[in-house]
Q: 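Here you go, one structure.
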Amino acid sequence: MEKTWASGALELLKHADEHINKGQAFDQRIAFISIDSSVETAIRTFIFMPFSLSKVKFSFKEKEEIGNSFPKMVNLLSEKASNKISGIELSDIEFYHRLRNQLYHEGTGLSVDKNHLEAYRTLGELLLKNLFQIEFNYSTTDKPLSSLIIFWEEIDKLIKQLFYSNNIDFGNTFKWEEALQKNIITKHQISLFNELKRIRNEQVHSLSDEINLTRISYGIEIASELRNTLERGMKDNILKYFKEHPTEVFAIRAIAHIFSISKSFTSQIIETLEQEGKLISGIEEKTGIKLFQVC
């Protein structure tokens with residue numbers, strides 16, 4: 001059902017891909033504009049979806065007030081559904097939307113930077129994944145800025161889930177101090193997180209001639225180290241959840257939903273736990289779905 005609602009945004013992304021693959025300057029501009037239209041369609045669709053599907057309450061007045069204003073739609077989504085877009089910086093969408101307006105209104109002389117195009121395409125996919133639970137097989141080969149964006153989305157979710165499971169409000173000014181007191185994070189991890197955020201923001205919002213591939217590469221190294229350390233904490237939390245429900249069985253998709261992390265990342269953690277002998281698995285006869293239970 002969610003995929004039906006998201007079909008318009010998906011079609012626009014596919015249209016963008018057709019032009020991206022042609023590689024000409026004109027096609028790059030058309031692709032960028034199509035991605036922006038996909039993002040706008042996804043946000044608007046989610047806001048106007050029935051509550052039974054979105055699980056987020058938007059009042060009639062709020063829907064009426066946004067009109068055709070892209071900034072108002074983005075702000076409303078951020079205000080009412082921040083948990084749905086964890087790891088996606090809406091300031092990025094606003095930045096790329098402004099670039100799109102330049103392309104659309106200032107003629108054909110402007111070109112689209114390859115990094116900007118790939119980054120906005122990645123953000124469009126992440127938005128569909130978060131709002132409509134549509135999974136993509138990301139290919140970030142030779143796409144450094146896209147890799148950095150995906151790393152950030154995963155790490156931001158991991159950090160927030162770690163804080164939530166330990167009853168720490170991520171919006172609290174003293175969240176880091178509280179996390180240190182509870183020994184759920186280290187000073188080194190905090191330093192890595194803040195440095196990664198700084199690099200990510202400066203590069204995603206850079207103009208074409210200011211994008212620094214060396215800085216992006218360094219950011220990816222930081223993200224990889226931080227992800228590995230946070231993964232251990234997430235693995236402990238998932239195992240704890242299984243132990244708290246010893247008679248229940250869970251599919252990978254269910255655990256991914258509970259902890260708000262990707263299916264691929266969840267699969268990696270659960271398979272590791274199974275290899276360590278902490279979980280057992282079996283195939284449900286009717287559906288063929290693999291289910292897991294604590295040993």
Side-chain angles (χ1 to χ4, degrees), residues 1-49 53-54 63 66-74 76-78 81 84-85 87-150 153 204-205 207-208 211 262-264:
M1 186 64 178
E2 288 86 356
K3 291 183 181 181
T4 301
W5 281 87
S7 61
L10 279 169
E11 287 172 4
L12 286 163
L13 271 186
K14 290 178 181 178
H15 179 253
D17 287 341
E18 292 174 3
H19 285 278
I20 289 173
N21 293 333
K22 293 179 181 178
Q24 301 300 313
F26 168 77
D27 291 293
Q28 303 298 289
R29 291 194 295 271
I30 294 299
F32 198 88
I33 291 169
S34 293
I35 293 166
D36 186 76
S37 297
S38 173
V39 167
E40 182 171 354
T41 300
I43 295 174
R44 179 178 289 278
T45 298
F46 184 79
I47 290 173
F48 282 86
M49 275 173 61
L53 294 175
S54 70
K63 294 176 183 178
I66 62 173
N68 292 318
S69 171
F70 186 85
K72 286 183 179 179
M73 277 192 287
V74 172
L76 183 59
L77 183 69
S78 177
K84 292 278 188 179
I85 51 173
I88 299 177
E89 304 293 328
L90 294 182
S91 59
D92 300 346
I93 292 175
E94 292 173 336
F95 173 76
Y96 288 127
H97 182 68
R98 287 195 295 272
L99 291 183
R100 176 266 184 197
N101 285 341
Q102 290 179 334
L103 290 171
Y104 191 80
H105 296 295
E106 297 181 18
T108 60
L110 296 176
S111 60
V112 179
D113 183 86
K114 179 183 177 183
N115 290 293
H116 284 158
L117 180 61
E118 291 169 351
Y120 204 15
R121 175 66 170 78
T122 301
L123 286 168
E125 290 187 356
L126 290 176
L127 194 65
L128 287 171
K129 184 187 80 169
N130 280 265
L131 296 182
F132 303 100
Q133 294 77 54
I134 297 173
E135 290 287 340
F136 292 89
N137 293 318
Y138 299 111
S139 175
T140 57
T141 304
D142 299 324
K143 299 176 183 178
L145 193 53
S146 293
S147 295
L148 188 62
I149 289 171
I150 290 171
E153 191 246 0
V204 171
H205 296 174
L207 298 178
S208 300
I211 293 175
S262 69
K263 282 178 63 181
S264 59

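Values reported hereafter were calculated over all heavy atoms of this structure, with side chains retained and with hydrogens, waters and symmetry mates removed.
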Q: Out of curiosity, Ile33 CD1 to Ser38 OG, how far, rounded to the nearest 0.5 Å?
A: 14.0 Å

Q: Answer whether the closest heavy-atom distance between the side chains of Met73 and Ile66 falls below 4.5 Å.
A: yes

Q: Quick one: list whatever passes salt bridge (charged side-chain N to carboxylate O under 4.0 Å, His left out) with Arg121, sequence neighbours left out.
A: Asp17, Glu125

Q: With rounding to the nearest 0.5 Å, note down the distance linking CG in Leu131 to CD1 in Ile43.
A: 7.5 Å

Q: Could you pull out the closest heavy-atom pair between Met49 and Ser54, with the gap in Å?
A: CE-N, 3.9 Å

Q: Which value, rounded to the nearest 0.5 Å, describes the distance between Ile88 atom CD1 and Asp92 atom CG?
A: 9.5 Å

Q: Check Leu145 against Asn115 and note the closest heavy-atom contact, atom names and distance.
A: CD2-O, 3.8 Å

Q: Does the side chain of Phe132 reach to within under 4.5 Å of the side chain of Leu127, using non-hydrogen atoms?
A: no

Q: Has Asn68 got more than 12 heavy atoms of other residues, nucleotides or ligands less than 6.0 Å from its CG?
A: no

Q: Looking only at non-hydrogen atoms, find the nearest pair between Glu94 and Val74 and report the distance.
A: OE2-CG1, 3.8 Å

Q: Within the 4.5 Å heavy-atom criterion, are His116 and Leu99 side-chain neighbours or not?
A: yes

Q: On a heavy-atom basis, which atom in Ser78 and which in Ile85 lie closest, and how many Å separate them?
A: CA-CD1, 4.1 Å

Q: Measure the spacing between NZ of Lys143 and CD1 of Ile149 and express it to the nearest 0.5 Å.
A: 11.5 Å

Q: Minimum heavy-atom separation for Asn130 to Lys84, with atom names?
A: CB-O, 2.9 Å

Q: Could you give the distance from NZ (Lys114) to CD1 (Ile20), rounded to the nearest 0.5 Å?
A: 11.0 Å

Q: Taking Thr41 for the side chain and Ser37 for the main chain, is one N or O donor matched with an acceptor at less than 3.5 Å?
A: yes

Q: Side-chain donor-acceptor contacts of residues 8-16 below 3.5 Å, not counting sequence neighbours, with atom names and distances?
A:
{"residue": "His15", "atom": "ND1", "partner": "Ser34", "partner atom": "OG", "Å": "2.8"}
{"residue": "His15", "atom": "NE2", "partner": "His19", "partner atom": "NE2", "Å": "3.3"}

Q: Are Ile35 and Glu40 side-chain neighbours, meaning at least one heavy-atom pair lies under 4.5 Å?
A: no

Q: To the nearest 0.5 Å, what is the distance between CG on Asp113 and CD on Glu118?
A: 8.5 Å

Q: Backbone N or O of Leu123 within a donor-acceptor pair of the Tyr96 side chain at under 3.5 Å?
A: no

Q: Between Phe32 and Tyr120, what is the ring plane arrangement, given parallel below 30°, perpendicular above 60°, and tilted in between?
A: tilted

Q: Heavy atoms only: give me the nearest Ser91-His205 pair and the separation to one decimal.
A: OG-CE1, 3.4 Å

